[in-house]
Protein chains: 2
Amino acid sequence: MASSIKDVATRAGISIATVSRAVNTPERVSAETLARVQAAMDALQYRPNALGRQLRAMHTGLLGVVLPSLANPVFAECMQGIEDAASVTGQRVMLMTTAYDLEREARAIETLLEQRVDGLVLTVADAAANPHLDRLDAEHVPYVLVYNDTVGQPRIPARCCVTVDNRAAARDAIRALLAQGHKQIRMLTGTLSASDRAALRHDGYREALEAAGIAPQPPVEIDFNADVMLPAELARLLAPPRPTAIFCSNDRLALLTIRSLREMGLRVPEDVSVIGFDGLAMGQWLMPTLATVAQPHRQIGEGAAQALARRIAGEVVPSITLPHRLLHGGTLARAPAAPASLSVVPSSLTSDTQGASR
Amino acid sequence: MASSIKDVATRAGISIATVSRAVNTPERVSAETLARVQAAMDALQYRPNALGRQLRAMHTGLLGVVLPSLANPVFAECMQGIEDAASVTGQRVMLMTTAYDLEREARAIETLLEQRVDGLVLTVADAAANPHLDRLDAEHVPYVLVYNDTVGQPRIPARCCVTVDNRAAARDAIRALLAQGHKQIRMLTGTLSASDRAALRHDGYREALEAAGIAPQPPVEIDFNADVMLPAELARLLAPPRPTAIFCSNDRLALLTIRSLREMGLRVPEDVSVIGFDGLAMGQWLMPTLATVAQPHRQIGEGAAQALARRIAGEVVPSITLPHRLLHGGTLARAPAAPASLSVVPSSLTSDTQGASR
DNA sequence: TTGAAAGCGCTAACAC
DNA sequence: GTGTTAGCGCTTTCAA
């Protein structure tokens with residue numbers, strides 16, 4: 001049984017109030033008593049009980065974090081940023097993951113609020129249409145969104161998002177492709193309707209192409225969690241007019257694409273250029289390095305924790321748009337004079353069903 | 001101000017005891033009062049305060065997690081496993097990261113214990129020589145280690161580790177290399193003294209080679225966090241007798257190695273085979289896929305959470321050794337008849353100091 | 001089936 | 001500089 005303030009008081013032969021002062025405001029305690037308290041605390045291995053303190057104080061110094069999954073390095077890095085920033089100000093962090101499941105999201109928020117976190121950092125599928133956020137607003141719970149991007153959207157009141165400018169970032173990616181002479185640029189994305197930022201990235205894709213006088217092809221949507229590309233999907237991705245470059249809405253998809261292309265005998269970047277989105281550290285360990293639009297995940301997390309701290313303090317905090325950075329990696333090269341021909345239908349287009357059947 | 005049990009009681013015209021029962025043991029409350037309590041709770045948006053409950057109950061249902069960093073996908077995945085398992089039993093999870101810093105480790109543990117977590121899951125640099133673990137033992141705090149591997153070590157009492165058999169796993173990696181005709185096999189590792197498991201992997205490397213009648217070369221140690229390989233390190237890695245295969249103590253190092261080799265014109269796996277350790281999901285998205293010894297990170301996390309639950313319940317729980325899995329990826333091929341010659345000293349061996357100077 | 005009351009560990013207002 | 005005491009929100013005896 002852990003010892004309490006009472007035990008310390010008894011042992012030091014003083015009142016609990018003085019022990020409390022010794023712990024929290026030692027300057028208001030005489031040197032002599034302070035020493036006695038110290039001795040007692042050491043002897044008893046006293047460790048203040050945060051629960052008692054928090055119950056009394058009506059706040060906890062706890063931040064609740066609700067993210068889809070740590071298996072995605074994007075969120076893992078962001079979480080690290082949150083933790084870093086929180087630890088600087090002595091806040092602690094409670095994490096719950098949701099796998100984008102609305103019901104788990106609800107439970108997570110509820111649990112965190114029962115624990116009386118001072119505020120929440122969260123990522124949801126679509127921030128403009130999330131019932132839980134409406135409730136948080138109604139209950140005046142301080143919260144900050146990460147990655148969700150409602151900045152351009154008309155909302156009153158606006159939600160505090162810490163994010164990059166997804167649309168502009170996507171435009172930059174496409175422009176980098178255009179600058180290398182690419183005209184046929186296809187987009188590969190996770191389910192558009194399931195992610196506000198994916199939709200925004202698609203907008204950027206369209207805009208950049210249209211500004212260049214090129215008619216964008218419809219994006220190829222594939223299941224967010226797949227770790228193989230189905231033959232049908234690959235076929236759609238390469239359907240005529242054969243693309244010389246592919247813009248993927250995230251790095252994971254980009255890696256998957258590169259692999260699929262190579263398996264069917266296409267060279268990256270000689271035959272097809274590929275650019276991703278996220279800037280996973282890992283992409284830069286590869287050879288060739290992955291061309292991508294890097295998001296400052298760590299800073300997104302840190303920024304969110306800081307913004308949240310201010311919201312908790314009662315400030316009105318606007319959304320924060322952090323700069324993205326185009327990484328001109330080795331998977332991006334000049335467009336080939338003529339698209340590589342696929343004389344033979346590669347095996348992966350016909351027989352790779354077994355690997356894909358999970 | 002959030003409403004409390006007292007508010008609900010007042011509004012429902014009953015005592016707080018009955019409200020408490022309505023929440024926790026509704027079967028002991030008459031249907032009629034239950035309805036009244038429900039109505040009051042809804043009207044007041046009542047949310048039970050976990051702090052009060054926990055203070056009273058003398059346990060919290062909180063698990064403390066202490067890990068080096070979530071930027072490392074190994075720990076991120078493990079953390080996801082912990083969270084998954086915890087959420088099944090209604091436990092919640094508080095995370096603190098340490099960057100392997102002993103002082104941060106101490107603070108993290110202290111903070112978590114002040115919050116009265118029921119137990120801890122942690123990874124430390126060297127479990128056999130960690131002062132904090134000794135204190136946890138002395139205070140009878142339930143805890144479980146992940147990745148740390150003291151299984152083979154004589155210790156009384158043994159610490160509960162959830163891990164793979166690092167030594168055997170390394171042996172398997174080397175055997176796979178031997179089976180492909182490799183005779184000159186070098187090992188690349190992070191600082192050996194800083195990691196009990198790296199040391200064990202090195203043991204496995206030595207053993208497997210010696211069993212095959214081959215004298216192992218000393219391992220090449222490089223800074224754990226570097227994201228470029230220094231020319232001097234690369235030179236040591238390739239020093240005669242020129243290796244035809246390289247065993248890296250983790251996947252990150254393996255990726256780095258592959259990149260460095262390719263930059264100097266060596267082909268992987270044609271000239272040099274590379275095998276890693278960890279089984280990062282990402283390694284399988286690459287082309288060629290990374291040969292590696294996969295650890296079941298998710299299950300390690302889940303297993304730890306479950307083991308911890310049992311320790312909290314008072315059981316004595318032995319260490320758990322989870323199976324590793326050899327992934328025979330594309331970066332591993334038959335040894336070349338003669339090692340590739342490096343006629344010219346590649347530029348990366350002489351001039352790449354700028355990239356490395358961070 | 002319900003209520004009164006004690007107490008979990010702590011802080012802060014107030015009195016000395 | 002120190003002590004007394006109320007009370008944060010909750011559960012759980014014990015009585016009724």
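In what follows, chains carry the letters A, B, and so on, assigned in the order in which the sequence lines appear, proteins first and then strands, with residues in each chain numbered from 1.
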Taking for A/Val23 and for B/Glu32 the nucleotide of DNA chain C with the nearest heavy atom, the one nearer the 5' end belongs to B/Glu32
Compare side-chain N and O positions of A/Ser30 against OP1 and OP2 of D/dT2 and report whether any pair is under 4.0 Å apart.
-> yes
Whole angstrom value for the distance that separates C1' of D/dG9 from CG of B/Asn24 = 12 Å
Starting at atom CD of B/Gln54, determine the distance to atom C1' of D/dC8, rounded to an integer number of angstrom.
-> 14 Å
Checking C/dT2, C/dC10, D/dC10 against the side chain of B/Val29 (C-beta onward), the nearest is C/dT2
Most 5' of B/Arg21 and B/Ile5 on DNA chain D, judged by nearest nucleotide | B/Ile5
According to a strict under-4.0 Å criterion, is B/Lys6 in side-chain N/O contact with OP1 or OP2 of D/dC8?
-> yes
Taking only the side-chain heavy atoms of B/Ala17 (C-beta and beyond), determine which of C/dG9, D/dT12, D/dC10 contains the nearest atom.
-> D/dT12
Between the side chains of A/Asn130 and A/Arg135, is a donor N or O closer than 3.5 angstrom to an acceptor N or O?
-> no
Whole-Å distance between C/dG9 P and B/Leu113 CG?
-> 15 Å
Round to a whole Å and report the spacing from CD1 of B/Ile14 to P of C/dA4.
-> 11 Å
Closer to the 5' end of DNA chain C via nearest nucleotide, is it A/Ser20 or B/Glu27?
-> B/Glu27
Taking NZ, NE, NH1 and NH2 as the nitrogens, is one of them in B/Arg36 or B/Glu32 under 4.0 Å from a carboxylate oxygen of the other?
-> yes
With sugar-phosphate meaning primed atoms plus P, OP1 and OP2, does A/Ser4 contact a base, only sugar-phosphate, or nothing at under 4.0 Å between heavy atoms?
-> sugar-phosphate
Whole-Å distance separating the CG atom of A/Leu55 from the C1' atom of D/dA6 = 13 Å
Salt bridge check: are B/Arg47 and A/Glu114 linked by an N-O gap of less than 4.0 Å?
-> no
Answer with base, sugar-phosphate or nothing: what part of the nucleic acid does B/Leu51 contact at a heavy-atom distance below 4.0 Å?
-> nothing
Could one point to a donor on the side chain of A/Arg116 or the base of D/dG9 with an acceptor on the other under 3.5 Å away?
-> no
Indicate whether OP1 or OP2 belonging to D/dT2 is found under 4.0 Å from a side-chain N or O atom of A/Thr33.
-> yes
N/O donor-acceptor pair under 3.5 Å between A/Thr10 side chain and A/Lys6 backbone = yes
Return no unless some side-chain N or O of A/Thr18 is found under 4.0 Å from OP1 or OP2 of D/dG3.
-> yes
Whole angstrom is fine here: how far is it from CZ in B/Arg36 over to P in C/dT2?
-> 9 Å
For B/Ile16, report the nucleic acid contact type (base, sugar-phosphate, nothing); a contact means any heavy atom under 4.0 Å.
-> base
Starting at CZ of A/Arg28 and ending at C1' of D/dG3, how long is that distance when rounded to a whole Å?
-> 16 Å
Nucleotide nearest A/Met58 (side chain, heavy atoms from C-beta), chosen from D/dC10, D/dG3, D/dC8 = D/dC8
Just compare D/dG3, C/dC10, C/dG9 and give me whichever is closest to any side-chain atom of A/Tyr46.
-> C/dC10
Test for a donor-acceptor pair under 3.5 Å between the base of D/dG9 and the side chain of B/Arg47, counting only N and O atoms.
-> no
Starting at CG of B/Asp7 and ending at P of D/dC10, how long is that distance when rounded to a whole Å?
-> 9 Å
Is a salt bridge present between B/Asp101 and B/Arg107, judged by a nitrogen-to-oxygen distance below 4.0 Å?
-> no
Can we call the ring centroids of A/His132 and A/Tyr143 under 6.0 Å apart?
-> no
